[in-house]
Amino acid sequence: MALCAASISHNNTPRILSSSSNTFSQLNNQKKISASPHFSLLSLTPRSSLSRSSFVSQWGRREPYSLHGHVSCSVKAVLLDESKEKLHLPKGDMWSVHKFGGTCVGSWERIKNVAQIIVQDSSEGKLVVVSAMSKVTDMMYDLIDKAQSRDGSYVSAVDAVFEKHKLTAMDLLDGDDLASFLSRLHHDINNLKAMLRAIYIAGHATESFSDFVVGHGELWSAQLLSYVVRKNGLDCEWMDTREVLIVNPSGSNQVDPDFVESEKRLEEWFSRHPSKTIVATGFIASTQQNIPTTLKRDGSDFSAAIMGALVRARQVTIWTDVDGVYSADPRKVSEAVILRTLSYQEAWEMSYFGANVLHPRTIMPVMRYDIPILIRNVFNLPAPGTMICRPAENEDGQKLESLVKGFATIDNVALVNVEGTGMAGVPGTASAIFGAVKDVGANVIVISQASSEHSVCFAVPEKEVAAVAEALKSRFHEALNAGRLSQVAVIPNCSILAAVGQKMASTHGVSATLFNALAKANINVRAIAQGCSEYNITVVIKRGDCIRALRAVHSRFYLSKTTIAMGIIGPGLIGATLLDQLRDQAAVLKEDFNIDLRVMGITGSRTMFLNDVYCCIDMVVQFVGISALLLGWSCKVMFVYSLSSLVSGCSGIDLSRWRELVKDKGEVADLEKFRQHVHGNHFLPNTVLVDCTADSNVASCYHDWLRRGIHVITPNKKANSGPLDQYLKLRALQRQSYTHYFYEATVGAGLPIISTLRGLLETGDKILRIEGIFSGTLSYIFNNFKGTRAFSNVVAEAKQAGYTEPDPRDDLSGTDVARKVIILARESGLKLELSDIPVQSLVPEPLRASASAEEFMEQLPQYDNEMARARQEAEDAGDVLRYVGVVDAESQQGLVELRRYKKGHPFAQLAGSDNIIAFTTTRYKEQPLIVRGPGAGAQVTAGGIFSDILLLASYLGAPS
């Protein structure tokens, strides 16, 4: 003992490494001393001078084992002189601290599992902090509420608490251990009933009375666990931390630890109860006056951190029911990942902003001594967990952690905006504002002020905003009446999103990336805050946008899958082909390109099918609820993973059977309901509607969709070739927002016509002329209209092969080509209406009024001679006939007509249904730039639409 004391006094550093083996070997030797009344540890070290009966139940401690064995006279002399020399508490890396929450000790099976974890820890000293059993603290608070309300049912509620612990003890203990525990449990319950009776009569409970009552749950769980640990063969003592942890109330429902006094009392406690394994109560403590109190909610984590600091532990392990700290809430972001490491500052920031990490105060005690905190899953021991520590550095001194570690959100907040010209340059204004807020006890979460000092904006919990607004209006009544302040405005229904990362500090482009991701998800930012430490960037957004915003920024920084909710309008030939292509490529896109395309709805003109994600949520919640009843609430983990599975799987239509679903489960089509459904899933940050129709009514909705933040992709030419003012309005909206509108397939099906034209213009080239064969149908017809073949026969052949519209007049009229010409003309900067384009129709004048396509086809042969003459004249001149569209940018006009070209011309060398477009520009003046390829057919058109979808994904953050 003297040697141990000398070792400790010789090395007085915060981490004492040399004293452990001496001290703990003495503990082992004491177990071997021969039996004698003089060598009983309890006879040598009397119980605490604190009167436990003043606030602690009359729980004695299990007597130490008898001391057997031979020891030298010198050791005996030391032990007999124990009254003069106390056994000192060793400190340093020999200690590991474990904290087990209520879920971890929620049943007798879980308490046994916790005991096994403790036994398997090879640390020389183990200090275990436990919470009350799951739900017990809530039950204890409920007792107080019932008694204060003079609700006599508190008596039966106390009996329920007793029964819960009695049954747990009967499953864990036997013999003397069980009898001892139940005796003490009866004693405590009787004391509680007496105290609650007093509260019932008074109708009021003081804070110290309440703290005394609720702290019993920890006393019982610590006792139970210590019994089980001893049954497993370990020397173990339990600690009522009200004898050790001393705190000072600091207001705002918080307490500050008194480390000096606590360390002194821990030394005294250990000198009386030396043990290699200590099970301590979490959550509870005492004031300087030995009045019982608590560390408030999440206090058990705080207890573990304080104890870790007091013994200078090697590590503090917080055991919970998740695998570690996620990069975002996995219930909201299915792609959230477990973070292997966090710095103290990062954990602090994330916990402050609502992440399920630790209470911010928990981190403070361990930071003082660089003690790492490890978050682990008690139900998944192989999982490595998350280490919270000082960040590692490489050889160059650079931090190794990733740029942004995680994202956290706080819901149900409101913004308060105080503004007025009279605020600028007036000292004390901010003090007056926040003084008024303090007076009503409100918590300010975020503060933002413009440098002009014209306004101060801050966020408070929504439940407190009414009192804050009233206090501010009262405080600034005169300034408001005089006009020095213009308003005290409240913006309700807000959420806070915080991006946290220590390496964000002084790193260029982090804010730009964050706000770019939010903009592309059509999220409006209402307020911004960033401290000079640059460890977090905080934005205040609309509550309804919170999940979409969280998923958008997480996807951008973590390169998780870029997820897009899709609605397919028009499952006809092209739409159906697109759906089949999506089905065939979905897995490859997800695995190889990090693109997750989820079709949320399919609608035609009469029937639509919507994937019912809300029904899926109900199913998952019901499943988890039933599982929780059957298996116990380790199902919190199951709930997280079930919601993740829901987000990643249930929220998309099964495209392998979409035809069956539309047919069997479709409902009456309603385009507005369809839009609301596809865009209404807040789990998915990006929405696109794909219009595969040729319907002008659908096209008229584009502006509203884009305004709502919905991306639009379409082969429908009606919007871009419609009235010029509507087209200009649509394009202006597109340019002003981050919402995308892609329409490559409107002109060349799968050919890159629009993108080529834009590339030329954006690089400074000037368009002189665009000329081309834009119709795959008419290309096929005139490529095969040769020799002696009749024109009507070629048209019939094209119709039979599926190249024409159901009514071939739609192709032969030239209107479709005219629409493509007007689209290209407008893209080139010409302000033309469709009516400005002269069109040579190939439909004979008398047949334009035919009642049906069948009637038209029957009468068309009567006009074959006219077309045969035109062909013969061309052949006689060595030419071929081609139906072309022309944009003449220099003369500001366009036209559509049947023209003759020499057989050596590129237009004369087409085959099948190929399109060809020639761009004559200032760069490509002598030899035009030619784009040629298939310009008709469902496969290539659907492929062009698909290409636009992937382009959208790349713009939204998918890796390129």
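Nothing fancy with the numbering, it's 1 onward along the sequence. If you're wondering where the values come from, they're calculated on a predicted model, not measured in any experiment.
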S.K.: Does the ring of Tyr741 carry Arg731 above it, NZ/CZ under 6.0 angstrom from centre and within 45° of its axis?
M.R.: no
S.K.: How far apart are the closest heavy atoms of Ala938 and Leu573, and which atoms are they?
M.R.: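 Heavy atoms only, the tightest pair is CB-CG, 3.6 Å.
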S.K.: Do Asp765 and Thr921 get their side chains close enough for a donor-acceptor pair, meaning under 3.5 Å?
M.R.: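 Yes, because at least one side-chain N or O of Asp765 sits under 3.5 Å from a partner of the opposite role on Thr921.
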S.K.: Give a yes or no on whether the backbone of Asp596 and the side-chain of Lys590 come within a donor-acceptor separation of less than 3.5 Å.
M.R.: no
S.K.: Report yes if the side chains of Glu873 and Arg900 come closer than 4.5 Å at any heavy-atom pair, otherwise no.
M.R.: yes
S.K.: Applying side chain to side chain contact (heavy atoms under 4.5 Å, CB included) between Asn720 and each of Thr714, Leu730, Val747, Ile822, report the one that passes.
M.R.: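 Exactly one option meets the side chain to side chain contact (heavy atoms under 4.5 Å, CB included) with Asn720, and it is Leu730.
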S.K.: Looking at every heavy atom in both Gly570 and Cys692, which two are closest together, and how far apart are they?
M.R.: O-CB, 3.5 Å
S.K.: Take Thr815 and Val839 through the side chain to side chain contact (heavy atoms under 4.5 Å, CB included) test and state the conclusion after the steps.
M.R.: CA-CA 7 Å; Thr815 303; Val839 179; 5.6 Å; no
S.K.: In Å and rounded to the nearest 0.5 Å, what is the CD1 to CG distance from Ile781 to Leu881?
M.R.: 12.5 Å
S.K.: State, with a plain yes or no, whether a side-chain heavy atom of Arg606 is found less than 4.5 Å away from one of Val668.
M.R.: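 No, their side chains stay 4.5 Å or more apart.
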S.K.: When you check the gap from the basic side-chain N to the acidic O, do Arg819 and Asp816 get nearer than 4.0 Å?
M.R.: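 No.
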S.K.: I'd like to know if Arg789 pairs up with Asp864 as an ion pair, taking the criterion as any Lys NZ or Arg NE/NH1/NH2 lying under 4.0 Å from an Asp or Glu carboxylate oxygen.
M.R.: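 No, Arg789 and Asp864 are not salt-bridged.
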S.K.: How many angstroms lie between atom OG1 of Thr563 and atom CZ of Arg548, to the nearest 0.5 angstrom?
M.R.: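 Those atoms lie 13.5 Å apart.
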S.K.: Ignoring hydrogens, what is the shortest heavy-atom contact between Pro934 and Val940? Give both atom names and the distance.
M.R.: CB-CG1, 4.0 Å
S.K.: I'd like to know if Lys718 and Asp695 make a salt bridge, using a cut-off of under 4.0 Å between side-chain N and carboxylate O.
M.R.: no
S.K.: Answer yes when Glu672 and Arg675 have at least one side-chain N-carboxylate O distance shorter than 4.0 Å, and no when they do not.
M.R.: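 Here Glu672 pairs with Arg675 in a salt bridge, since their nearest N and O are under 4.0 Å apart.
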S.K.: So, for Pro715 and Asp691, which heavy atoms are closest and what is the spacing to 0.1 Å?
M.R.: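 Of all heavy-atom pairs spanning Pro715 and Asp691, the closest is CD-O, 2.8 Å.
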S.K.: Could you tell me whether the side chain of Asp811 and the main chain of Thr777 form a donor-acceptor pair under 3.5 Å?
M.R.: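 It does not hold such a pair.
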S.K.: Give the C-alpha distance, both sets of side-chain angles, the deciding distance and a yes or no for side chain to side chain donor-acceptor pair (under 3.5 Å) between Arg882 and Asn783.
M.R.: CA-CA 8 Å; Arg882 295 293 183 261; Asn783 286 338; 3.3 Å; yes
S.K.: Evaluate the criterion side chain to side chain contact (heavy atoms under 4.5 Å, CB included) for residue pair His740 and His711; output intermediate values, then yes/no.
M.R.: CA-CA 5 Å; His740 296 285; His711 308 287; 3.7 Å; yes
S.K.: Supply the atom-to-atom distance Lys729 NZ to Tyr702 OH, rounded to the nearest 0.5 angstrom.
M.R.: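 The distance works out to 16.0 Å.
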S.K.: Would you say that Leu589 contacts Leu950 through its side chain, given a criterion of any heavy-atom pair below 4.5 Å between the two side chains?
M.R.: yes
S.K.: Say whether, by atom type as modelled, one donor and one acceptor occur between the side chain of His679 and the main chain of Phe674 under 3.5 angstrom.
M.R.: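 Not at all, since once roles are kept as given, no pair shorter than 3.5 Å links the two residues.
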S.K.: Under 4.0 Å between a side-chain nitrogen and a carboxylate oxygen: does that hold for Glu866 and Arg869?
M.R.: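 Answer for the salt bridge query: no.
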S.K.: Report yes if the side chains of Leu952 and Val688 come closer than 4.5 Å at any heavy-atom pair, otherwise no.
M.R.: yes
S.K.: Side chains of Asp876 and Gln872: donor-acceptor distance under 3.5 Å anywhere?
M.R.: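 Side chains of Asp876 and Gln872: pair found under 3.5 Å.
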S.K.: Do Tyr955 and Phe742 make the cut of ring centroids closer than 6.0 angstrom?
M.R.: yes
S.K.: May I ask you to decide whether Asp704 forms a salt bridge with Arg708, counting only side-chain N to carboxylate O separations under 4.0 Å?
M.R.: yes
S.K.: Starting at CG of Leu655, measure out to CD1 of Ile602 and round the result to the nearest 0.5 Å.
M.R.: 6.5 Å
S.K.: Scan side-chain atoms only and decide if Tyr743 and Glu827 contain a donor-acceptor pair under the 3.5 Å cut-off.
M.R.: yes
S.K.: Counting only N and O atoms by type, is there a donor-acceptor contact under 3.5 Å from the side chain of Arg583 to the main-chain atoms of Ser656?
M.R.: no
S.K.: Checking the side chain of Glu744 only, and the main-chain atoms of Ile754 only, is there a donor and an acceptor separated by less than 3.5 Å?
M.R.: yes
S.K.: Count the heavy atoms belonging to other residues, nucleotides or ligands that lie under 6.0 Å from OH of Tyr924, then report whether that count exceeds 12.
M.R.: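 For Tyr924, atom OH is not crowded (no more than 12 foreign heavy atoms under 6.0 Å).
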S.K.: Does the side chain of Leu812 reach to within under 4.5 Å of the side chain of Ser841, using non-hydrogen atoms?
M.R.: no
S.K.: Check whether Phe919 forms a cation-pi arrangement with Arg769 (NZ or CZ under 6.0 Å from the six-membered ring centre, at most 45° off the ring normal).
M.R.: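 No cation-pi geometry.
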S.K.: May I ask you to decide if Ser775's main-chain N or O and Ser779's side chain share a donor-acceptor pair within less than 3.5 Å?
M.R.: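 Flag not set: sc Ser779 to bb Ser775 has no pair under 3.5 Å.
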S.K.: With the side chain counted from C-beta on, respond yes when Pro808 and Phe856 share a heavy-atom pair under 4.5 Å apart, and no when they do not.
M.R.: yes
S.K.: Using modelled atom types and a 3.5 Å cut-off, is there a donor and acceptor pairing between side-chain atoms of Gln581 and backbone atoms of Phe946?
M.R.: no
S.K.: For residues 828-835, run the donor-acceptor check on the side chains, cut-off 3.5 Å, and write out each pair with its distance to 0.1 Å, sequence neighbours left out.
M.R.:
residue: Ser828; atom: OG; partner: Leu824; partner atom: O; Å: 2.8
residue: Glu833; atom: OE1; partner: Leu724; partner atom: N; Å: 3.1
residue: Glu833; atom: OE2; partner: Leu724; partner atom: N; Å: 3.3

S.K.: Do the side-chain N and O atoms of Tyr883 and Glu897 include a donor-acceptor pair separated by under 3.5 angstrom?
M.R.: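 Judged by distance alone, the side chains do not pair up.
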S.K.: Please assess Thr739 against Trp705 for the test side chain to side chain contact (heavy atoms under 4.5 Å, CB included), listing each intermediate value before the final yes or no.
M.R.: CA-CA 9 Å; Thr739 311; Trp705 293 345; over 6 Å; no
S.K.: Could you check if a side-chain atom of Asp879 sits within less than 4.5 angstrom of a side-chain atom of Arg899, using non-hydrogen atoms only?
M.R.: no
S.K.: About how many Å separate OG1 of Thr562 and CD1 of Ile595, when rounded to the nearest 0.5 Å?
M.R.: 6.5 Å
S.K.: Quick check for you: to the nearest 0.5 Å, what is the distance between Thr607 atom OG1 and Lys665 atom NZ?
M.R.: 15.5 Å
S.K.: Side chain of Ser555, backbone of Ala552: donor and acceptor closer than 3.5 Å?
M.R.: no
S.K.: If only atom types and distance count, is the side chain of Thr603 paired as donor or acceptor with the main-chain N or O of Met608 below 3.5 Å?
M.R.: no
S.K.: Check this for me, if you would: do Lys673 and Glu667 make a salt bridge, where the nitrogen-to-carboxylate-oxygen distance has to be below 4.0 angstrom?
M.R.: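 Glu667 and Lys673: salt-bridged.
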S.K.: What are the two closest non-hydrogen atoms of Ala719 and Tyr727, and how far apart are they?
M.R.: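 What the structure gives for the nearest pair is O-CB, 4.2 Å.
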S.K.: How about Met857 and Val795: do any of their side-chain heavy atoms sit closer than 4.5 Å?
M.R.: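 Heavy-atom side-chain distance check passes, below 4.5 Å.
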S.K.: Please lay out, stage by stage, how Leu951 and Ile713 fare under the test side chain to side chain contact (heavy atoms under 4.5 Å, CB included).
M.R.: CA-CA 10 Å; Leu951 178 62; Ile713 294 174; over 6 Å; no
S.K.: Sub-3.5 Å donor-acceptor pair from the side chain of Asn516 to the main-chain atoms of Ala512, do we have one?
M.R.: no
S.K.: Considering non-hydrogen atoms only, spot the tightest contact between Met600 and Ala565 and give its length.
M.R.: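 Of all heavy-atom pairs spanning Met600 and Ala565, the closest is CG-CB, 3.7 Å.
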